[in-house]
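Worksheet for the structure shown next.
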Amino acid sequence: MASTSARKNEGLGRRDVIKRSAALGLITVPTMSFLSACASSDSSGDDTVKKGKTSAKNPLGVNDTAGLDVVIFNGGFGEQYAIDAEKEYTKAFPKAKVKHTATQKIQSQLQPRFNGGTPPDLIDNSGAEQMDMGVLVGKKQLLDLTPLMDAPSYDDPSKKVRDTLRPGVLEMGQFDGDPVWIMYYAYTVYGVWYSQTALEGLDAQYPETWDDMLALCAKAKKKGIAGWTYAGKYPYYLPFSLYPFIAKIGGREVLDKIDNLEPNAWKDPAVKAAFEAYYELQQKGYILKGTAGLTHIQSQTEWTKGKALFIPNGSWVENEAAPTTPKDFKMMVAAPSGLDSSDKLPFGTIWASGGEPFIIPAKAKNPEGGMEQLRIMLSEASSKNFTKQVKSLSAFNGGTDGLTLSTAMQSGVDALKKAGDNVVNPRMQDWYVKLQKEQIGAGLGEMMAGRLTPAEAIKKIQAYADAAAKDQSIKHYKHQ
């Protein structure tokens, strides 16, 4: 980073005008219970099915008569894409029965199975009840997916599966060294989502600077439209735009320090500036009234109804919000607006990374079957089916060829192109799920509800991070 003194003398007009006010009080934001540990099974038996013979058509050695137990998170992407891929599995192994379960209660349903040593063979570990992947990796509860990565790809045997993935997907599945513990199937573009139609109605363009953002919010407010809304009950959605905003202001190294749980990482000037900017939205009344009490679905519905211009979200929102989205909405995504001329990274800096994490438990009965199902899902046909059904990119690099993309998907592709090398990938949400979702999210939620000032929120979040850094019961990770 540039020296503090240099930055103090450069472009601080934007920071200086941000108003602060005292917190109105401390009210704890309701949080969810997350998996803090998965106990090892007490079972001494080994129920793993016998491995089948490897061949060109069966490179992973799947037992062609063994059942396959799959659990899918039935959220923004639904379950049909997985069901369709499972049909391809049964075509390849007609004697194998696939048990398919769809749920939004991943932790509630699966923690007892992990504890009892009878987990499924393949899990889409996503949603509000996502199991803590840092804990699962640290306690050796997951299967190393390196054999899948090194297997021939479904469409082209001359290519390994790892060579068909979008940039960064494989690395996201790695936590400490070479083993690959997670296969992120979706490729998610995070950022500030909006309706192009709504902006056109205000004779406005997407704001590239914070001054322009505030001016547009003021203009919208006069028309009875809020500037922003977000998932108030799940405020961990806020980092989807806040983290790349921080990186734009201070450089990606600021996010790396946060991920690494380094002392005083949250006290970085870039974090302070970003928090103060977001707090200004709240103080000036640019947040939709009642947002603090809204779920992700409710906030998205208010947004698609035109009650707010902007919402921080990921690219699953197009499919998830489809039931309430008008045909002429022209859904789009953009990188966060810049703060001022002293920002270290250019406008267009965005967060994009693997999403929808699939895992295979270490005690799965049919691990080869789980890996083969993922290999099928990473075929061009399955990838295109996923994209057509849920309007999201997949981890397969090239799964949009020949497809007509929606405005939302095309804007995501365009945003990635504009970002170039300025794509950030913070790891907090998969390294430390509890810290990210329960604690950092709670602090941000209190600040955006006006119950904490930026300084108070930073102090609180830093204390949470320090406690996590000192907690020897969890495994710690660092950027390599």
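Within 6.0 Å of the CG atom in Asp328, the count of heavy atoms belonging to other residues, nucleotides or ligands exceeds 12. More than 12 non-hydrogen atoms from other residues, nucleotides or ligands lie less than 6.0 angstrom from CD of Glu200. Crowding of Lys478 atom NZ: a count of heavy atoms from other residues, nucleotides or ligands under 6.0 Å exceeding 12.
Contact of the Ser337 side chain with the Tyr206 side chain is registered, since non-hydrogen atoms from C-beta on lie closer than 4.5 Å. Residues Leu261 and Leu435 meet the side-chain proximity criterion, which asks for heavy atoms closer than 4.5 Å. Counting heavy atoms from C-beta outward, Met183 and Val169 have side chains that approach closer than 4.5 Å. For the pair Lys87/Ile83, a side-chain contact is recorded, criterion being any heavy-atom separation below 4.5 Å from C-beta on. Residues Thr387 and Met409 meet the side-chain proximity criterion, which asks for heavy atoms closer than 4.5 Å. Inter-residue side-chain proximity for Pro454 and Lys272 is flagged as unmet; no heavy-atom pair is nearer than 4.5 Å. Within the 4.5 Å cutoff, the side chain of Cys217 has no heavy atoms near those of the Lys284 side chain. Two residues are said to be in side-chain contact when any heavy atoms from C-beta on lie closer than 4.5 Å; Ile258 and Pro426 fail this criterion.
When atom types are taken as modelled, the side chain of Asp471 and the backbone of Ser473 share a donor-acceptor pair closer than 3.5 angstrom. A donor-acceptor pair under 3.5 Å links the side-chain atoms of Gln104 to the main chain of Asn74, judged by distance alone. Within the 3.5 Å criterion, the main-chain N or O of Gly338 finds no donor-acceptor partner in the side chain of Thr209. Between the Glu79 side chain and the Ala102 main chain, no donor and acceptor come within less than 3.5 Å of each other. For the pair Asp212 (side chain) and Glu208 (backbone), a donor-acceptor distance under 3.5 Å is absent. Looking at Thr301, its side chain does come within 3.5 Å of a backbone N or O of Ile297 through a donor-acceptor pair. Formation of a donor-acceptor pair under 3.5 Å by the Glu129 side chain with backbone atoms of Ser108 is found in this model. In this structure, Asp268 contributes its side chain and Ala270 its backbone to a donor-acceptor pair below 3.5 Å. Within the 3.5 Å criterion, the main-chain N or O of Ser379 finds no donor-acceptor partner in the side chain of Ser383. Side-chain atoms of Thr349 never come within 3.5 Å of backbone atoms of Lys248 as a donor-acceptor pair (strictly under, hydrogens ignored).
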Query raised in the report: What do the steps show when you test Gln373 against Glu86 for side chain to side chain contact (heavy atoms under 4.5 Å, CB included), and what is the final call?
Result: CA-CA 7 Å; Gln373 181 61 45; Glu86 289 160 12; 4.0 Å; yes
Query raised in the report: Is there a side chain to side chain contact (heavy atoms under 4.5 Å, CB included) between Asp176 and Val137 once you walk through the steps?
Result: CA-CA 9 Å; Asp176 192 9; Val137 172; over 6 Å; no
Query raised in the report: Please walk me through it: do Thr164 and Ser153 pass side-chain hydrogen bond (donor to acceptor under 3.5 Å, both in side chains)?
Result: CA-CA 7 Å; Thr164 68; Ser153 67; 5.7 Å; no
Report task. Report the C-alpha separation of Leu136 and Asn125 in whole Å, then their side-chain angles, then the decisive distance to 0.1 Å, and conclude whether the side chain to side chain contact (heavy atoms under 4.5 Å, CB included) test is met. Result -> CA-CA 11 Å; Leu136 292 172; Asn125 182 32; 4.3 Å; yes
**Report entry** Check against side-chain hydrogen bond (donor to acceptor under 3.5 Å, both in side chains), Gln389 and Asp84
**Finding:** CA-CA 11 Å; Gln389 284 195 22; Asp84 292 343; 2.6 Å; yes
Query raised in the report: Stepwise, does the salt bridge (charged side-chain N to carboxylate O under 4.0 Å, His left out) test hold for Glu456 with Lys460?
Result: CA-CA 6 Å; Glu456 290 167 337; Lys460 190 168 191 174; over 6 Å; no
Requested in this report: Report the C-alpha distance between Val254 and Lys344 in whole Å, list the side-chain angles of each, state the deciding distance to 0.1 Å, and finish with yes or no for side chain to side chain contact (heavy atoms under 4.5 Å, CB included).
Outcome: CA-CA 11 Å; Val254 180; Lys344 292 195 69 174; over 6 Å; no
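The aromatic rings of Tyr236 and Tyr234 sit tilted relative to each other, their planes meeting at an angle between 30° and 60°. Using bins of under 30°, 30° to 60° and over 60° for the plane-to-plane angle, the ring pair Tyr185/Phe386 lands in the perpendicular bin.
In this structure, CZ on Phe396 lies 13.5 Å from CE on Met377, to the nearest 0.5 angstrom. Atoms OG1 and CD1, from Thr101 and Ile123 in turn, are 10.5 Å apart once rounded to the nearest 0.5 Å. With rounding to the nearest 0.5 Å, the separation of CG in Asp203 from CD in Gln205 is 9.0 Å. Rounding to the nearest 0.5 angstrom, the gap separating the OG1 atom in Thr407 from the CE atom in Met332 is 6.5 Å. Going from atom CG of Leu339 over to atom CD1 of Ile249 covers 4.5 Å, rounded to the nearest 0.5 Å. In this structure, Lys388 NZ and Ser406 OG are separated by 14.0 Å, a value rounded to the nearest 0.5 Å.
In terms of heavy atoms, Val192 sits closest to Tyr194 at O-CD2, 3.8 Å. Here the shortest heavy-atom pairing between Gly443 and Leu452 reads O-CD1, 4.1 Å. Between Lys475 and Gly138, the closest heavy-atom pair is CD-CA, 3.6 Å. Considering every non-hydrogen atom in both Pro346 and Asn422, the closest pair reads CG-ND2, 3.3 Å. Shortest non-hydrogen contact noted between Lys434 and Asp132 is N-OD2, 3.6 Å. Taking both residues in full, the closest heavy atoms of Leu416 and Ala352 are given as CD2-CB, 3.4 Å, listed atom of the first, atom of the second, then distance.
Residues satisfying the side-chain contact (heavy atoms from CB on, under 4.5 Å) criterion with Gln436, sequence neighbours excluded, are Pro239, Tyr243, Met428, Gln429, Ile440.
Under the 4.0 Å criterion applied to side-chain N and carboxylate O atoms, Glu253 and Lys257 are not assigned as salt-bridge partners. A salt bridge is defined here as a Lys NZ or Arg NE, NH1 or NH2 lying under 4.0 Å from an Asp or Glu carboxylate O, and Asp414 with Lys417 fails to meet this definition.
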Show me, pair by pair, the donor-acceptor contacts under 3.5 angstrom made by side chains of residues 306-317, not counting sequence neighbours?
{"residue": "Lys307", "atom": "NZ", "partner": "Glu302", "partner atom": "OE1", "Å": "3.3"}
{"residue": "Asn313", "atom": "OD1", "partner": "Trp316", "partner atom": "NE1", "Å": "3.2"}
{"residue": "Asn313", "atom": "ND2", "partner": "Gln300", "partner atom": "OE1", "Å": "3.0"}
{"residue": "Ser315", "atom": "OG", "partner": "Val189", "partner atom": "N", "Å": "3.1"}

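Residues Tyr278 and Trp228 place their aromatic rings such that the two centres sit under 6.0 Å apart. Ring pair Phe175/Tyr477: centre-to-centre distance below 6.0 Å.
Between Thr229 and Thr291, the side chains place a donor N or O and an acceptor N or O closer than 3.5 Å (distance only, hydrogens not considered).
For the ring-ring contact (aromatic ring centres under 6.0 Å, His included) with Phe245, the qualifying choice from Trp210, Phe347, Phe240 is Trp210, the only one to do so. Remark: of the listed residues Tyr237, Tyr230, Phe329, Phe329 is the sole one forming a ring-ring contact (aromatic ring centres under 6.0 Å, His included) with Trp303.
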